[in-house]
Every structure is written in C-alpha cells, then in structure tokens.
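Here the structure is laid out as structure tokens; the discussion comes afterwards.
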Amino acid sequence: MDANGSYHAAPYSTNPQPSAQSTMLYACLDCGHHNSIKPREPIRCFECGYRILLKVRTKRMTQFEAR
Amino acid sequence: MIAEVPTMAIDLVEFHENTSMLVDEYLAHRLGMIPLTSHKVDDFKFTRDCTCTDYCKECSVEFNLHVKWNEEGTRTVYSTELISSNKDVVPVLDSDQDRGIILLKLRKGQEIHIHCIAKKGVAKEHAKWSPCAAVGFEYDPHNNLRHLTYWFEKSIKDEWPLSKNADEEMENDPDAPFDFTAEPTTFYFNVETVGSLHPQNLVDMATRELQGKLGALQLALEEDQNPVSNANMDDGEPWV
C-alpha cells in the first residue's frame, strides 16, 4: 500500500535491494529459529543443531501474469 | 465469437501474502480463468491503446482479496470475496445464492492477501478472454439435400434421432424426385457463453467485429483501385 492508501504499487518498480541487506536468513525446519549462515559454514541450526534449513519467503510483493 | 470478441479477465496478480497451500503461480492462473461480467467491456480501452504507462481505471479493473483464518477447521474462499473497484465488472454468478467459484481453502493460521488487475483482451491472446463456451452449427436437419450418408443397421429413422432444429423445417417427400441443384438456405447456430456476456449480445458483438473487418477490407480495396483518390498521399516515390 502506498501513501495514498491505494494498491497502486507499480509492478517491477521496486529498486534492486541494496546488497548490504543483512545476510540471508534461513528458518530451521525443526525449531523455526532464523539462522544467518555464511558461505562455507556448516548447514546447521544454532539453536537445536538440526541440519535442514529453509529459505524464507520474501516480504516483498511478487507479481505474476495470470496465464 | 470464440476468438475476437473482447471481455475482461484478471491478467496480473500481485501477492502481498500467500501462506495457503497453493503456490503463487497456480493461484494466479486460477484467478485468470474466473469469468467476469463484461457487458460494459466497450467502455474500457485495451491497455496497449491506453494513454497510461501501466494501467488505469480506463483500461483495467482492480480486485482485492485479504482473508486470514485463525479458527479451527477449513475456510473456503470464493470468487465472490474478490472486492472489485468497478461494480460493472465482478465475478460471474449463477444466482443470488451462488457464492461463486472456490479459489482456495485456508487452514488455521493461513493467510491470503492479493491484488489483481483485470484487463480487456481477446481470446486470440489467451483463451481466458473467450466469452464463448460452445458454438454449434447445423443445416438441413432432415438431410433433404443428402449431404450426409448415414450408416445404419436396420432403419435410419430409428437409429439417427432428429435434432431440435428439425421442428423448424419440413421433411421432403421421400418418393419425390431428388433436386440435385438445391442449396442449403437455413443455418442453425447454437451459442453458449461462460456468463461474461449474454449470448444475444455476443452474437451482436461478433457481427460488429466482422463488419469492422469487412469495412477495413473494402477501404483498402477502394484505395487500391482508385489511386487518384489518394494522389495527395506521397507513397514514398521521389517523382510524385
């Protein structure tokens, strides 16, 4: 929603996210804790040690063609 | 009627939140297929002909849907829950009791928040814009002209039931001599729509579409045959 309270968000107009946007967060499949893992680091939850992490869905609006 | 009569259909879907079990692409495709009432389609422009850069209320209609389910059980979301920005373009309904097409189902804690943009289009581009569900065509229901040779076991009459259109015509006397020069003169069309337009309107609009095409052809032919009439138009030849 923009300042006028309407949904006129221009499609694809979002600027490329600044690369400095905090490191990617991955959710643990077991406990749900959000981990930030860096390259070459073991894929492992800091909280519970579970080895399956999920990429979380973007909070940005996504647009699709309905066809 | 099938391919070139314009209607409205959802063309773009913006997902703000989708935690339902259906993926975005699947839902977007599903939303596109919803028939929208299009009797006011002539008031809209094609987005490509519109002066706006993206979309505006002259070439599109917006729909919003925001459902969050926090109770036990399953919540069914119907097409009637799409909130239209234009009361003339809404999802097609059978009756007042009809709740429309089921879009998706939500379980406890799931949420859907979307914004759809419906645009004017023709089915040549995508079948979702087709106002037409079925077109039937028939002539000579009694087979008086003998254009058909029916296969049969014992009796043609018993094995090949006549269509409804047979009531409109008389059957020729089977003993009368066969007229080889006879031509079909009456044709029967059966039109069924998806609900976006009334069948009567659809035939009218299709006829208008055809008229426009023939008009353009006639103009082009006239111009071709009387080059004098457009002598003021430079055809790019340097000596004119």
Side-chain angles (χ1 to χ4, degrees), chain A, chain B residues 8-20 22-36 47 52-57 60-66 79 82-85 91 103 109-119 121-130:
Chain A
M1 229 186 268
D2 63 19
N4 305 323
S6 80
Y7 285 94
H8 260 292
Y12 300 122
S13 70
T14 43
N15 297 320
Q17 289 273 314
S19 53
Q21 191 221 11
S22 58
T23 43
M24 277 297 302
L25 284 177
Y26 297 87
C28 172
L29 185 62
D30 196 30
C31 68
H33 177 257
H34 281 63
N35 299 277
S36 60
I37 49 171
K38 287 163 207 75
R40 301 204 155 268
E41 232 177 36
I43 298 166
R44 198 134 193 259
C45 177
F46 286 114
E47 291 294 312
C48 65
Y50 203 65
R51 290 186 188 276
I52 301 176
L53 300 180
L54 304 172
K55 196 169 181 177
V56 287
R57 187 193 163 106
T58 173
K59 284 184 188 70
R60 287 149 69 190
M61 182 269 285
T62 47
Q63 191 188 47
F64 291 92
E65 273 192 322
R67 32 182 103 182
Chain B
M8 302 296 287
I10 290 173
D11 196 35
L12 289 173
V13 184
E14 293 168 356
F15 286 87
H16 296 276
E17 188 68 80
N18 176 21
T19 47
S20 73
L22 297 182
V23 294
D24 295 0
E25 291 90 335
Y26 184 96
L27 244 160
H29 179 246
R30 227 174 134 63
L31 288 158
M33 299 299 186
I34 302 169
L36 304 174
T47 307
C52 63
T53 50
D54 201 7
Y55 57 86
C56 64
K57 65 180 197 311
S60 67
V61 177
E62 291 169 65
F63 291 90
N64 283 309
L65 176 72
H66 188 183
S79 63
L82 285 166
I83 300 157
S84 174
S85 65
L103 300 177
Q110 294 184 339
E111 183 184 6
I112 180 84
H113 184 190
I114 52 174
H115 175 231
C116 312
I117 297 125
K119 291 180 179 175
V122 291
K124 273 201 291 193
E125 196 177 338
H126 192 285
K128 68 183 175 184
W129 277 297
S130 183

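In what follows, every chain begins at residue 1, and chains take the letters A, B, ... in the order their sequences are listed. This one's a predicted model, so the numbers in the text were calculated from it and none came from an experiment.
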Checked B:Leu27, B:Thr53, B:Asp24, B:Ile10 vs chain A; the most non-hydrogen pairs under 4.5 Å come from B:Asp24
State which residues pass side chain to side chain donor-acceptor pair (under 3.5 Å) with B:Lys128; sequence neighbours excluded, sorted by chain then number. B:Asp11
Distance (rounded to the nearest 0.5 Å) between B:His16 NE2 and A:Gln63 CD: 9.5 Å
Top contributor to chain A interface from B:Cys116, B:Gly32, B:Ala28, B:Ala127 [non-hydrogen pairs under 4.5 Å]: B:Ala28
Just to verify, what does B:Phe15 make a ring-ring contact (aromatic ring centres under 6.0 Å, His included) with, not counting sequence neighbours? A:Phe64
Grab the two heavy atoms, one from B:Val13 and one from A:Ala66, that are nearest each other, plus how far apart they are. CG2-CB, 4.0 Å
One should read off an interatomic distance between A:Glu65 CD and B:Glu25 CD, to the nearest 0.5 angstrom, of 12.0 Å
Is any side-chain heavy atom of B:Thr19 closer than 4.5 Å to one of A:Arg57? no
Heavy-atom check, side chain of B:Glu14 versus side chain of A:Thr62, under 4.5 Å: no
Given B:His29, B:Glu125, B:His126, the one that forms side chain to side chain donor-acceptor pair (under 3.5 Å) with A:Arg67: B:Glu125
Neighbour count above 12 (heavy atom, 6.0 Å) for A:Leu54 CG: yes
